[in-house]
Protein chains: 4
Amino acid sequence: MQETQTENTRDKKREQILESAALVFSQKGYRLTRMNDIAQKADMGKSTLYEYFTSKSDLFMAVFGWLKTRYQVTADGFALNGKSAQENLSNLIQGWVASLVDMDVHYQLIMEFWAATASSEVKDQLKQAFADIYQTYREVILKVIEIGMKRGELKEDLDPEAVSAGVIGALDGIFLQAWFKPEMDPTKISNHYITTLIQGLSADPHRS
Amino acid sequence: MQETQTENTRDKKREQILESAALVFSQKGYRLTRMNDIAQKADMGKSTLYEYFTSKSDLFMAVFGWLKTRYQVTADGFALNGKSAQENLSNLIQGWVASLVDMDVHYQLIMEFWAATASSEVKDQLKQAFADIYQTYREVILKVIEIGMKRGELKEDLDPEAVSAGVIGALDGIFLQAWFKPEMDPTKISNHYITTLIQGLSADPHRS
Amino acid sequence: MQETQTENTRDKKREQILESAALVFSQKGYRLTRMNDIAQKADMGKSTLYEYFTSKSDLFMAVFGWLKTRYQVTADGFALNGKSAQENLSNLIQGWVASLVDMDVHYQLIMEFWAATASSEVKDQLKQAFADIYQTYREVILKVIEIGMKRGELKEDLDPEAVSAGVIGALDGIFLQAWFKPEMDPTKISNHYITTLIQGLSADPHRS
Amino acid sequence: MQETQTENTRDKKREQILESAALVFSQKGYRLTRMNDIAQKADMGKSTLYEYFTSKSDLFMAVFGWLKTRYQVTADGFALNGKSAQENLSNLIQGWVASLVDMDVHYQLIMEFWAATASSEVKDQLKQAFADIYQTYREVILKVIEIGMKRGELKEDLDPEAVSAGVIGALDGIFLQAWFKPEMDPTKISNHYITTLIQGLSADPHRS
DNA sequence: CATGAATGAGTGTTCATTCAT
DNA sequence: GATGAATGAACACTCATTCAT
């Protein structure tokens, strides 16, 4: 257990770098960030970064992974519980909204990753990663919808694929607009919007 | 009229540069595009670009403007016509979806601008520009909804701000997901989704 | 003929770089030479070098080619003339010695290339190039010796391969030693040595 | 005797480093060798190397010394024995050739040192060292020749300086060529060449 | 007006060396 | 004594921009 350097120490330093990198990437963007900036922020020599990450883009991706882990929304168990599809949908979505809100200071950083999917060296990796994240959520929602349809809670002529994609998309899009217009309150909008949507989905629209 | 160069010629050349730049930015991304690439594609000397645009970012912004003009969805007249809110919404949305679909080859380019709002030198200009675009659309939808509510076509407890933001957001988000997952058909999903949504919005849900 | 830049100008500039590079490489060695040094010596911006050569090692190899051309010993016609093998050998060797002496200021540079065959990125290219040069010379000498043997001018039990390699080797080795010990006069030593050697080769040793 | 570390241990470790360094320098060349590589090969920590050698170049020079010691050709006693100059020359040369052949795996390494005389930080030290080695050999051969001339075994009009330099040079040059052209057999060529040369040197050329 | 040529500021990365334990 | 960790100096190369023609 007594290694040359405690794993603890190493992990701590790694975390320190990750956090500094997150901050600087967030402020300056990937392209405009210099390794030096990160090193300074992390209060260490530039080359030390290379002891922990092989390159700038490696570090960038590591920050992505770090963020992903930090804000992972666990969507397990939603499909199979006893609640109604409406309730489950609402909870699921609220969970996701909460996580988006929670990211708060990291939203700029997420934009950065998002932006990097358009060009950058890591565009393919990132695109895949994003695709996976979306895929996961879409599948959970999909299942909830399908079950709701079977149970007769939701309309029978829905296209579950389209709806799940739309729900995810709507939330994303709302937060995106809030990103462009800071005075918007994406949480409030999301909630209201979702309520309305669920009514559109429900078999018996008089039900809340 | 007998200038050193006809305005005509100058405009033509400008257009030529713009198109070449659009193409190259789209293929390589802003960051990875070299002025040289654009010059070659436009079949002219590198320095000539600087006769028409002061800098790379200036050119980038010019391409943005060019694209914006090209795909401007005219939303005029929707609010005041005699159709129902549902119809107007549907048309509006279909118009926008059509324009998104129409962009087709330029979608990658749009991503590029989108990405540039996150960092880049022109981030502020672009952010503002996007905000304006969204704002414009939101306002039209907003108006349609408000009128629909007044007329009793739509539910009376809607938050028009939230709904309009949500509608725009949903469409954006759907196309975004399709960008990550090419086998998706964003048009079909949008249409289905919108139908469902409008039902949620309608005062009398049995109406289509 | 009136191109964007006269080929003349371009060649002149190229030559200028080559000469500056030759000088700096010669003084500092490949490894210790910075592109900047060369640019300064050539009185131009660093990046201009890259307009003419793709990389440091490319430039290095170009200097090698330049030097090779400059000091190419033409060994043509030696085998087939009417002179005796002894005379031809003597002339050939004197020609080579003369060229070695002529290199004079470039000897250090040649060492540099020689050294680069041991490691460096271009080691393989250079090794091949040197091998070719040696091969060429060896073959001329070989032919002269074979003809001399046929004619009975040289001993009949010679191994022409061995002798030609030895002759070339001896000259090289002598200059090498002079490189280590500047007070040596490699020309004098070569001449004397060769005289002795030719006597050893001759069928009738009493002949000069 | 009970030091903090037995001299024995220390020497052993030093040797271990030296051997590892020799190997790595030989494979990658001075410039491309990293201290890390050597440390790993020697199965110890990087910094430990600095306990035994002050710097990379110091280590390089130490390897040179190590190699020099290992392959030192003892030329003592050749001048003063009862054998003929021809025999002594032949033996001397064969001894040297044997040592060159013996070096075998180390030939690449020798090239490396040789190359380092051209530039590198240690160029002056190395140049001096090589000069000394050559000087030593030349002197032995010189003496043998002078005695041979006095005894009338060798021609009387020889320039002993030139001949000794030439002999050494020839051998070096032959091995050099074999280095460039691996299919050559330098031993065979050396022997043949030397035989011929000695005949040229001999007062009575009919003697073998 | 058009442009080829020239440029220098800017940066990721390597690696010998030092230092704290 | 031994070593893993930390470091900063060093450097090739790129590319937006300018300039001379």
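Order of the sequence lines sets the chain letters (A, B, ...), proteins ahead of strands, with each chain counted from 1.
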On DNA chain E, check which nucleotide each of D:Tyr30 and B:Met44 is closest to and give me the residue with the more 5' one.
B:Met44
Return the nucleotide paired to F:dA5: Watson-Crick means purine N1 to pyrimidine N3 with N6-O4 or O6-N4, wobble means G-U with N1-O2 and O6-N3, both under 3.5 Å.
E:dT18
On DNA chain E, does the nearest nucleotide to C:Thr48 precede the nearest nucleotide to A:Glu51 from the 5' side, or the other way round? Give the residue.
C:Thr48
Nearest whole angstrom, please: distance from the C1' of F:dG4 to the CG of D:Asn36.
11 Å
Figure out the NZ/C1' separation between A:Lys56 and E:dG12, and round it to whole Å.
8 Å
Which of these nucleotides, E:dT18, F:dC13, E:dA2, is closest to any side-chain atom of C:Ser55?
F:dC13
Using a cut-off of 4.0 Å on non-hydrogen atoms, how would the nucleic acid contact of A:Lys46 be classed: base, sugar-phosphate, or nothing?
base
In whole Å, what is the span from the NZ atom of D:Lys13 to the C1' atom of F:dG1?
8 Å
Gap between atoms CZ and P, on D:Phe25 and E:dA16 respectively (whole Å)
9 Å
Would you kindly give the CG-to-C1' distance between A:Asp11 and F:dA5, to the nearest whole Å?
15 Å
If you pin D:Asp43 and C:Arg34 to their nearest nucleotides in DNA chain F, which one's is more 5'?
D:Asp43
Looking only at F:dT14, E:dA6, F:dT3, the nucleotide nearest the C:Tyr50 side chain is F:dT14
Distance-only polar pair, side chains of D:Gln128 and D:Asp132, donor-acceptor under 3.5 Å
yes
Let's test this: given Watson-Crick or G-U wobble pairing with both distances under 3.5 Å, identify the partner of E:dT13.
F:dA10
Any carboxylate oxygen within less than 4.0 angstrom of a Lys/Arg side-chain nitrogen, looking at A:Asp37 and A:Arg34?
yes
Pair C:Lys13-C:Glu51, side-chain contact (heavy atoms from CB on, under 4.5 Å): steps then yes or no:
CA-CA 10 Å; C:Lys13 203 141 201 174; C:Glu51 296 285 329; over 6 Å; no
Establish, yes or no, whether a centroid distance under 6.0 Å links the rings of B:Tyr30 and B:Phe113.
no
Classify A:Thr33 by what it touches in the nucleic acid, base, sugar-phosphate, or nothing, heavy-atom distance under 4.0 Å.
sugar-phosphate
